[in-house]
Amino acid sequence: MAAAAVTEGSGACTRAPTAAAAQMDAAAEQIGHVVAAEGELRGDCKDDVAGGHSDAESTVGASSQGDARATPTCGSSDGSTKMRARIVELVSWERVALGTKIKPHCTSAHCAADIYLLSAFLTMSRLQDIGGDGIRLLLRALKFLRLCDYSAEDIASILAHTCEYMKDVLKVCGDRMDAQEVGNVVVCLMFMAHSWSQDETCPLRVWHRHIFREYCSIKTLNLAVVRLFELRRYRMRLPTQKVIDNMERLQAAVPWSGALLHTSS
C-alpha cells in the first residue's frame with residue numbers, strides 16, 4: 001500500500017484530476033483564511049496541488065489508495081476559535097499525564113480532546129522527554145487530521161500505528177535524536193501510518209505545506225520519510241490485536257463520551 005509510493009525513488013504517485021485539483025485549491029483557500037487568522041499553519045494555501053511538482057515533491061506524494069483528502073476543509077472558524085479559547089477551562093489538567101508540558105502549548109490544539117489524546121499517545125510511545133516544539137508540532141498534526149475530516153476511529157487508528165512505529169525507531173536511534181527531531185520523526189510516522197491505514201490519504205506535499213513548511217524543505221521531508229520506510233523495511237502491518245488495544249487506550253483517555261468526534265461548527 002503506502003510502500004508502493006516510495007519504491008526506487010520513482011516518483012510513482014497518482015496525480016489528481018483537473019476537476020479534483022480545482023476543488024482542492026478552493027478548499028485550500030478556505031482553510032488558509034482560517035489558519036492565517038489564528039497565526040498558525042503559515043503555508044501558502046493557494047499553491048497548485050495538481051501539477052508542476054518535482055520528483056522530490058511527488059516521490060512520497062500519495063499512497064496507492066489515492067489522495068482524495070489532498071487539502072483540509074473546515075466549517076465555521078468562529079466555532080473552532082471559541083472551542084480552542086475554552087481548552088484550558090475544559091481540560092482537567094490534574095488528570096493529564098505530562099500536563100505541565102502540554103498546557104503551555106494548548107493553544108495549538110484544535111479541541112480539548114486532542115490534549116487527552118496527545119497525553120495518552122506520548123505516554124504509550126515512551127516520549128515523556130519530548131520538547132515544547134515537538135508538542136506544538138504534534139498538536140498541529142492532530143488539528144490537520146481533524147480539518148481533513150478524519151473520523152474519531154481514523155485518528156485513533158493512525159495514532160495506534162504511529163505509537164508502535166515510534167517504539168521501533170527509538171530502539172534503533174533513540175539516543176541520537178534531540179527533542180526537536182523526535183517531534184519531526186513522530187509526525188513523519190503519522191503520515192506513514194495514515195498512508196497505510198486510511199483509504200483516502202493526503203499527499204506528503206500537503207502535510208509539508210500545513211505542518212512542516214517552517215521546519216524543512218519538501219525534499220528533506222521526502223528523504224526523511226523514505227528513510228523511515230527503509231528502517232521498517234516497508235513493513236507497515238501490525239498485529240490486529242495490538243492496534244485494537246492501542247486504539248482502546250487512546251479512546252479511553254478522553255473522559256467524556258463523543259469527545260473524539262470532530263465538529264466544525
Note to self: Please check if the number of heavy atoms outside Arg249 that lie under 6.0 Å from its CZ is greater than 12.
What the structure shows: no
Item checked: Partner residues of Lys167 under the salt bridge (charged side-chain N to carboxylate O under 4.0 Å, His left out) criterion, sequence neighbours left out -> Glu164
Item checked: side-chain contact (heavy atoms from CB on, under 4.5 Å) between Leu221 and Tyr215, worked out -> CA-CA 9 Å; Leu221 180 60; Tyr215 299 93; over 6 Å; no
Next item on the list: Not counting sequence neighbours, which residues clear salt bridge (charged side-chain N to carboxylate O under 4.0 Å, His left out) with Glu230? List them please.
Entry: Arg227
Margin query: Test of understanding: with side chain to side chain contact (heavy atoms under 4.5 Å, CB included), list the residues that count as partners of Gln241, not counting sequence neighbours.
Written below: Ile244, Asp245
Item checked: Full working for side-chain contact (heavy atoms from CB on, under 4.5 Å) between Leu147 and His210 -> CA-CA 11 Å; Leu147 294 177; His210 292 285; over 6 Å; no
Item checked: Worked verdict on Asn184 versus Phe212 for side-chain contact (heavy atoms from CB on, under 4.5 Å) -> CA-CA 8 Å; Asn184 292 337; Phe212 284 105; 4.1 Å; yes
Checklist line | Residues Arg232, Asp168: salt bridge by 4.0 Å N-O rule | finding: yes
Next item on the list: Tell me, please, which residues at least two apart from Ser157 pass side chain to side chain contact (heavy atoms under 4.5 Å, CB included).
Entry: His161, Ser197, Gln198, Met247
Margin query: Any heavy-atom pair between the side chains of Met236 and Phe229 that's under 4.5 Å?
Written below: yes
Notebook entry, point to check: Of the non-hydrogen atoms in Leu142 and Asp114, which two are nearest, and what is the gap between them?
Noted result: CB-OD2, 3.8 Å
Checklist line | Residues in salt bridge (charged side-chain N to carboxylate O under 4.0 Å, His left out) contact with Arg136, at least two apart in sequence or another chain | finding: Asp133
Checklist line | Derivation of the side-chain contact (heavy atoms from CB on, under 4.5 Å) call for Leu228 and Leu189 | finding: CA-CA 8 Å; Leu228 289 169; Leu189 293 172; 4.0 Å; yes
Next item on the list: Classify the angle between the aromatic ring planes of His194 and Trp207 as parallel (below 30°), tilted (30 to 60°) or perpendicular (above 60°).
Entry: tilted
N/O donor to acceptor pairs below 3.5 angstrom from side-chain atoms of residues 122-132, sequence neighbours left out:
from	atom 1	to	atom 2	distance (Å)
Thr123	OG1	Ser119	O	3.0
Ser125	OG	Phe121	O	2.9

